[in-house]
Amino acid sequence: MLRMSTLFLRTLREDPADAEVPSHKLLVRAGLVRRVAPGVFTWLPLGYLVYRNVERIVREEMDAAGFQEVHFPALLPREPYEATGRWTEYGETLMRLQDRKGADYLLGPTHEEMFTLLVKGEYSSYKDLPLVIYQIQTKYRDEARPRAGILRGREFVMKDSYSFDIDDEGLQRSYDRHRDAYIKTFDRLGLDYVIVSAMSGAMGGSASEEFLAPCESGEDTFVRSDGGYAANVEAVVTVPPAEVPIEGLPAAHVEDTPDTPTIESLVDLANARFPRADRPWTAADTLKNVVLRLEHPDGTTSALVVGLPGDREVDMKRLEAQVSPAVPSPFEEADFAAYPQLVKGYIGPQVLGEDRGIPYLVDPRVVSGTAWITGANEQGKHVFDLVCGRDFTPDGTIEAAEVRDGDPAPDGSGALHSARGIEIGHIFQLGRKYAEALDLTVLDENGKSRVVTMGSYGIGVSRAVAAIAEQHHDDKGLIWPREVAPADVHIVATGKDAAVFEKAEELAIALEDEGLRVLYDDRKVSPGVKFNDSELLGVPTIVVVGKRLVDGMIEIKDRASGDREEVELTAAIPAILAACGR
RNA sequence: CGGGGCGUAGCGUAGUGGCUAGCGCGCUUGCUUUGGGAGCAAGAGAUCGUGGGUUCGAGUCCCGCCGCCCCGACCA
């Protein structure tokens, strides 16, 4: 039994000045965590109970899925990370240190190398596979900017698991097992979440999905439709309009459009001097051609032109995902000098294309038969009614335009709107990148050496505590889902009557005997303080033993709904068990 | 790393060059109080982030440094 009179706990009446997001404010105010350094926190008794519940659930679901727990050190030598290039690739984010001899060490930001090497040292046959091992481990990342309390710390706890399979089918099965286990885990944690497809990015894998807990304080932007579609912005596929028959479309014609270097000025001039019969011109009638410089991994650079409707901007993140591993950057004046055919502000598709040395990719909305106003590749001139598929043929399409609220979901499930979420889990088909770098091979049934294929899967354990707090609170405080709550029932004894404390304590003991986890407020403070603390702490069921005891009554309150009922003390135990879902 | 803001008691804060740095919460002691953060009284607790400078006099003005928070960049 947790007694408030002796519990190491101090709740705060006011929000800490350095906290911004609800979970940070509440976890500090409720006395669950205290800051030690930027992005580094101490768990106090109640907070650690919650944290351990989350960890326990994660562990139980991993074990239930048949995965085996191991435990690596957080302190790791440099060499394995040197082998995969991450000693340097990880950059400033890596926490580095030296021992007394000057040897380099690091505090593990993630453990792909160590797992790969461990398996390499033990296994050498296809008969040993598949294998999934995991750990729950403190990770260190020297984030440029830790923020939002324990939502994004420099020290945090992560469950990371790794699958090892002989072939892609096996990897897919391991991946699916993790996906199922994660669904069970997050359901038990009481988290609302969506699974979005994610770009694999620098990790070099193929399939990858993120589990995002939608909430205002989330750092990841994603889009969702009312019909259930959810995806990372980078992964959204544009729904192209129907193609238009080319016959009968007016011929292209070049017009003088002086001083129209921007889309806005161009539309204004077009409406003033070349008005349409049916409707005014809009930015969406123009074809904007954005020149970019691509830097390739081998150090060379090249130009790329992206054509998109003038009312859209290029989304650099989406573009990056498309051109990876090349890195895009804006075209500078010096770059323009190298391509005299590109007239800044008046670029048109007529001079573009792979065969002319400047690859030209367009937004999927630019389909055959669409007519555009676009640059005529001459200062002060634009071409009207330039028809795709007749007057120009792009080299292909690219998903680089911004995704906007109201755009259709690719699966036809309605309009997209953007939302924010906390990344609480990530599952990832790594492939053979690490196995190759560290030479993890096994012999197959023909005695031939085969590189193992891997998956990596993470759950932010400490982050999940904050994510739950973000999703489960009100203006009075936290509201823990039962399974992660620091206790099942919070008994509040009010008044100064000795009988109240006697009965409250008897009740606490009886409930504990029934298997409930009990937090008992036996402090000699005023009722208001106790009620407010009980709401701040967020134990799901609150039992008040107070002035109504003279009539043999106690009160049971549901923290989440605020519903309260009075019951006879004699019937209290079954009623409380029922309230706790037992 | 760029931009902005802020460092005063455990927490939240006031203090625009002048006496002994003020208030609320929390803490200690006593009395009263006990169904929504009680009242009265008496206390403890601060080298005002740090180093230098200006001044008769600096929490307050100037310069350097350190730290923290927010936005952006960055981020399996």
Side-chain angles (χ1 to χ4, degrees), chain A residues 9-21 24-25 28-29 31 34-40 84 86 89-94 108-113 139 141-149 151-154 156 158-162 198-205 207-211 217 219-220 232 316-317 320 327 329 423-431 433-434 454-460 463 476-477 492-498 500-501 521 523-536 542 544-550 553-555 557 564 566:
Chain A
L9 171 72
R10 190 101 308 157
T11 57
L12 303 179
R13 194 178 288 213
E14 284 157 303
D15 284 334
D18 59 358
E20 194 75 12
V21 302
H24 187 190
K25 290 179 181 171
V28 172
R29 273 193 61 206
R34 288 290 181 262
R35 194 192 79 98
V36 175
V40 181
T84 55
R86 291 212 292 187
E89 260 176 37
Y90 230 99
E92 305 266 67
T93 307
L94 197 62
T110 170
H111 283 70
E112 278 85 359
E113 284 84 353
K139 307 282 187 184
R141 292 183 196 176
D142 194 0
E143 298 285 350
R145 190 154 83 81
R147 71 184 101 183
L151 226 34
R152 182 175 200 76
R154 294 193 297 168
F156 58 97
M158 186 184 216
K159 186 287 302 177
D160 53 326
S161 41
Y162 303 85
M199 283 293 175
S200 44
M203 299 300 289
S208 166
E209 288 171 296
E210 285 175 0
F211 289 69
S217 315
E219 293 184 283
D220 292 18
N232 251 357
M316 283 308 276
K317 288 228 162 117
E320 270 171 39
V327 179
S329 58
E423 184 184 339
I424 48 174
H426 195 163
I427 53 177
F428 206 123
Q429 296 190 19
L430 266 186
K433 173 175 171 172
Y434 291 92
M454 294 170 57
S456 87
Y457 317 88
I459 290 178
R463 176 181 281 181
K476 295 189 174 81
V492 176
T494 64
K496 57 176 181 178
D497 188 355
V500 164
F501 286 87
D521 195 344
R523 293 176 299 172
K524 306 277 183 282
V525 297
S526 69
V529 173
K530 294 187 175 186
F531 291 138
N532 281 310
D533 274 349
S534 71
E535 278 149 354
L536 177 59
I542 299 165
V544 183
V545 181
K547 66 175 184 186
R548 295 281 284 121
L549 188 67
V550 293
M553 304 293 281
I554 61 149
E555 185 179 304
K557 284 201 291 188
R564 48 180 78 188
E566 292 214 319

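The figures that follow rest on heavy atoms only: side chains count, while hydrogens, waters and symmetry mates do not. Quick note on labels: first sequence line is chain A, next is B, and so on, each numbered from 1.
Pairing of B/G59, defined by two Watson-Crick or G-U wobble distances under 3.5 Å, is not identified with any nucleotide. Pair assignment for B/C74 gives none, since no Watson-Crick or G-U wobble pairing has each distance under 3.5 Å. For B/C40, the paired nucleotide is B/G30, the pair qualifying as Watson-Crick or G-U wobble because both relevant distances are below 3.5 Å. Both distances falling under 3.5 Å, in either a Watson-Crick or a G-U wobble arrangement, occur for no nucleotide opposite B/A46. Nucleotide B/U54 forms a pair with no other nucleotide shown, judged by Watson-Crick or G-U wobble geometry with both contacts under 3.5 Å. Base pairing of B/G22 is made with B/U13, judged by Watson-Crick or G-U wobble geometry with both donor-acceptor distances under 3.5 Å. Across all strands shown, B/G67 forms a Watson-Crick or G-U wobble pair with B/C6, both key distances being under 3.5 Å.
The existence of a salt bridge linking A/Arg147 and A/Glu219 is confirmed by a sub-4.0 Å separation between a basic side-chain nitrogen and an acidic carboxylate oxygen. A salt bridge links A/Glu566 with A/Arg548: the distance from a Lys NZ or Arg NE/NH1/NH2 to an Asp or Glu carboxylate oxygen falls below 4.0 Å.
Separation of the P atoms belonging to B/C61 and B/A14 is 15 Å when rounded to the nearest angstrom. B/A46 and B/U32 have their P atoms separated by 32 Å, given to the nearest Å. The same atom, P, is picked in B/G3 and in B/G39; the two are 48 Å apart, to the nearest Å. Straight-line distance between the C1' atoms of B/G26 and B/C63: roughly 38 Å, to the nearest whole Å. Between the C1' atoms of B/C23 and B/C48, the separation comes to 16 Å (whole Å). Separation of the C1' atoms belonging to B/C40 and B/U55 is 46 Å when rounded to the nearest angstrom.
At a threshold of 4.0 angstrom between heavy atoms, the contacts of A/Val492 with the nucleic acid are absent.
Atom-to-atom, CZ of A/Arg35 to P of B/G67 comes out at 12 Å; the value is rounded to the nearest Å. With rounding to whole Å, A/Asp521 atom CG is found 15 Å from B/G37 atom P. We find that NZ of A/Lys496 is positioned 17 Å from P of B/G39, with the value rounded to whole Å. When rounded to the nearest whole Å, the span between CD of A/Glu20 and C1' of B/G12 equals 16 Å. As a whole-Å value, the separation of A/Asp15 CG from B/U13 C1' is 14 Å. Between the CZ atom of A/Phe531 and the C1' atom of B/U34 there is a distance of 10 Å, rounded to whole Å. Residue A/His111 contributes atom NE2, which lies 14 Å from atom C1' of B/A76 at whole-angstrom precision. Separating the CD atom of A/Glu219 from the C1' atom of B/C71 is a distance of 13 Å, rounded to the nearest angstrom.
Checking side-chain atoms of A/Lys530 against main-chain N and O of A/Val544 turns up no donor-acceptor pair under 3.5 Å. For the pair A/Arg154 (side chain) and A/Pro38 (backbone), a donor-acceptor distance under 3.5 Å is present.
Residue A/Ala17 is the one, among A/Val544 and A/Ala17, whose nearest nucleotide of RNA chain B lies closer to the 5' end (criterion: closest heavy atom). Toward the 5' end of RNA chain B, the nearer of the two residues A/Glu423 and A/Pro527, judged by each one's closest nucleotide, is A/Pro527.
Closest to the side chain of A/Glu555, from the set B/A76, B/G35, B/C68, is B/G35. Considering only side-chain atoms of A/Arg10, the nucleotide from B/G26, B/A76, B/A38 that sits closest is B/G26. Nearest to the side chain of A/Asn532, among B/C69, B/U34, B/G36, sits B/G36. Listed candidates were B/A76, B/U34, B/G26. Nearest to the side chain of A/Arg86 is B/A76. Among the nucleotides B/A38, B/G35, B/G37, the one closest to any side-chain atom of A/Arg548 is B/G35. Checking B/C11, B/U33, B/G36 against every side-chain atom of A/Glu14, the shortest atom distance belongs to B/C11.
In this model, a side-chain donor or acceptor of A/Tyr162 finds a partner on the base of B/A76 within 3.5 Å. Residue A/Lys557 places no side-chain atom within donor-acceptor reach of the base of B/G35, judged by atom type and a 3.5 Å distance cut-off alone. With hydrogens and angles ignored, a donor-acceptor pair closer than 3.5 Å exists between the side chain of A/Glu112 and the base of B/A76. For B/G72, the base has no donor-acceptor partner in the side chain of A/Arg147 [N/O atoms by modelled type, under 3.5 angstrom]. Taking 3.5 Å as the limit, the base of B/G36 and the side chain of A/Glu535 contain a donor-acceptor pair of atoms between them. For A/Asp533 against B/G37, a side-chain N or O and a base N or O form a donor-acceptor pair under 3.5 Å.
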Start with the C-alpha distance between A/Arg86 and A/Glu112, add both sets of side-chain angles, then the distance that settles salt bridge (Lys or Arg N to Asp or Glu O under 4.0 Å), and finish with yes or no. CA-CA 11 Å; A/Arg86 291 212 292 187; A/Glu112 278 85 359; 2.8 Å; yes

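Remark: A/Lys524 is positioned above the aromatic ring of A/Phe501, its terminal NZ or CZ atom under 6.0 angstrom from the ring centre and at most 45 degrees off the axis.
Rounding to the nearest 0.5 Å places CZ of A/Arg523 at 4.5 Å from CG of A/Asp533.
Among all heavy-atom pairs drawn from A/Val500 and A/Val545, the shortest one is CG1-O, 3.3 Å.
When the side-chain nitrogen and oxygen atoms of A/Thr494 are compared with OP1 and OP2 of B/G35, none of them lie within a distance under 4.0 Å.
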